[in-house]
Amino acid sequence: MLGARLILRVRQGWRVARIVETEAYVAKDPASHAYRGRTERNRAMFAGPGTVYVYRIHQVHCVNLTTRPGQAVLLRAAEPLTPALGNTQGPGRLCRAFDLTRADDGVSAVTGPRLRIAPGPRPDETVVRTPRIGVTRGRTRRLRFLLSGNRWVSRGRSRRGRS
DNA sequence: GAAAAGATTACCT
DNA sequence: GGTAATCTTTTCC
């Protein structure tokens, strides 16, 4: 998913960004919102692949794409490719730049009219893995993926971690 | 029904 | 580097 395009259709045209940082939330993962099974909030994580799962934390939103039932990828940062796009560094800012809220929860990023994910060219940067940011459980696993050295990566700009 | 926790961010020192 | 803001969902009694 790193290097893929996130595309939002707006009245004036498009907003496009290149995904540069993600985190995986997998099966039997204590940090995952789906860890204790399906609930009202996480139902989008149990819908088909490519379903958008948006949740709110504190005063911001975060966006995920469902991969398999109960599993999803959090989009943490992107590189703006259209000038009108605001700051997309960090999951909350990314959602704000794309105007994503709970209203978008459950839509498809594959077939939906508003938000799409599309393949991009293979990134030049090296993919590195680190532990996930902000989680209190499941800290030992390296399930954060980022494009090494990219200026839009949310923190650390980590060149550490192994590819 | 109440309380706590949280996949964050902005602003402080 | 630390912490408050702020609110929804989940968890516990």
Side-chain angles (χ1 to χ4, degrees), chain A residues 1-6 8 15 17-80 84-110 112 114-117 125 127-148 150-162:
Chain A
M1 203 172 283
L2 290 174
R5 267 50 169 159
L6 191 65
L8 180 78
R15 296 179 198 172
R18 174 177 173 256
I19 297 169
V20 300
E21 179 186 350
T22 62
E23 280 176 3
Y25 290 84
V26 298
K28 296 177 182 165
D29 176 0
S32 171
H33 286 177
Y35 183 53
R36 291 183 166 81
R38 183 176 185 154
T39 66
E40 177 150 6
R41 173 173 71 160
N42 67 23
R43 62 179 193 269
M45 286 183 73
F46 293 87
T51 300
V52 173
Y53 167 48
V54 180
Y55 69 91
R56 182 170 190 147
I57 179 163
H58 297 279
Q59 48 267 46
V60 300
H61 294 275
C62 297
V63 63
N64 300 252
L65 293 177
T66 299
T67 53
R68 308 169 55 171
Q71 308 188 44
V73 171
L74 170 69
L75 273 35
R76 282 197 59 90
E79 174 180 342
L85 209 46
N87 190 347
T88 52
Q89 180 177 65
R93 295 192 194 100
L94 178 62
C95 268
R96 198 175 57 187
F98 276 84
D99 292 328
L100 298 178
T101 68
R102 274 238 103 189
D104 298 288
D105 184 66
V107 305
S108 171
V110 178
R114 174 169 149 83
L115 187 68
R116 289 282 182 103
I117 183 104
E125 302 99 323
V127 175
V128 307
R129 303 169 58 190
T130 78
R132 293 174 294 189
I133 301 292
V135 298
T136 57
R137 292 168 295 190
R139 275 177 162 162
T140 58
R141 306 173 72 172
R142 301 202 329 253
L143 290 175
R144 175 184 181 225
F145 300 80
L146 59 91
L147 295 181
S148 182
N150 188 284
R151 72 162 278 207
W152 295 97
V153 169
S154 67
R155 55 195 263 197
R157 225 129 310 169
S158 180
R159 275 135 215 183
R160 295 189 299 260
R162 285 168 267 179

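Numbered from 1 within each chain, the chains take letters A, B, ... in sequence-line order.
Spacing between atom CG of Asn87(A) and atom C1' of dT9(B) amounts to 11 Å, rounded to whole angstrom units. Rounded to a whole Å, the CG atom of Leu94(A) is 10 Å from the P atom of dT9(B). Atom pair Leu146(A):CG and dA7(B):P shows a separation of 19 Å (rounding to whole Å applied). In this structure, Tyr35(A) places its OH atom 17 Å from C1' of dG6(B), rounding to the nearest Å. Rounded to an integer number of Å, the gap from CG of Leu100(A) to P of dA7(B) is 19 Å. Nucleotide dA5(B) holds its P atom 15 Å from the NE2 atom of His33(A), rounded to whole Å. One can place CG of Leu74(A) at 11 Å from C1' of dT8(B), the figure rounded to the nearest angstrom.
Between Thr22(A) and Arg76(A), the side chains place no donor N or O within less than 3.5 Å of an acceptor N or O (distance only, hydrogens not considered).
Using a 4.0 Å cut-off between charged side-chain N and carboxylate O, Asp29(A) and Arg137(A) make no salt bridge. Salt-bridge check for Glu125(A) with Arg18(A): passed, with a basic side-chain N closer than 4.0 Å to an acidic carboxylate O.
In this structure, dA7(B) forms no base pair with any nucleotide, since neither Watson-Crick nor G-U wobble geometry is met with both distances under 3.5 Å. With a cut-off of 3.5 Å on both Watson-Crick or G-U wobble distances, the partner of dT6(C) is given as none.
Atom OH of Tyr35(A) sits in a sparse spot, with 12 or fewer heavy atoms from other residues, nucleotides or ligands closer than 6.0 Å.
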So which protein nitrogen or oxygen atoms get under 3.5 Å of nucleotides 7-9 of chain C's nitrogens or oxygens?
from	atom 1	to	atom 2	distance (Å)
dT9(C)	O3'	Arg41(A)	NE	3.3

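No side-chain heavy atom of Thr51(A) sits under 4.5 Å from any side-chain heavy atom of Met45(A).
Geometrically, Arg132(A) engages Tyr25(A) in a cation-pi contact, judged by NZ or CZ lying under 6.0 Å from the ring centre and within 45° of the ring axis.
Put simply, the side chain of Asn42(A) gets close to the backbone of His33(A): a donor and an acceptor are under 3.5 Å apart.
Taking every side-chain heavy atom of Val60(A) into account, dT9(B) is the closest of dA7(B), dT11(C), dT9(B).
Remark: Arg96(A) is not in phosphate contact with dT8(B), judged by side-chain N or O atoms under 4.0 Å from OP1 or OP2.
Distance check on atom P: dA2(B) versus dT6(C) gives 23 Å, rounded to whole Å.
Stacking is not found between Tyr55(A) and the pyrimidine-like six-membered ring of the dA7(B) base under the 5.5 Å centre-distance and 30° plane-angle cut-offs.
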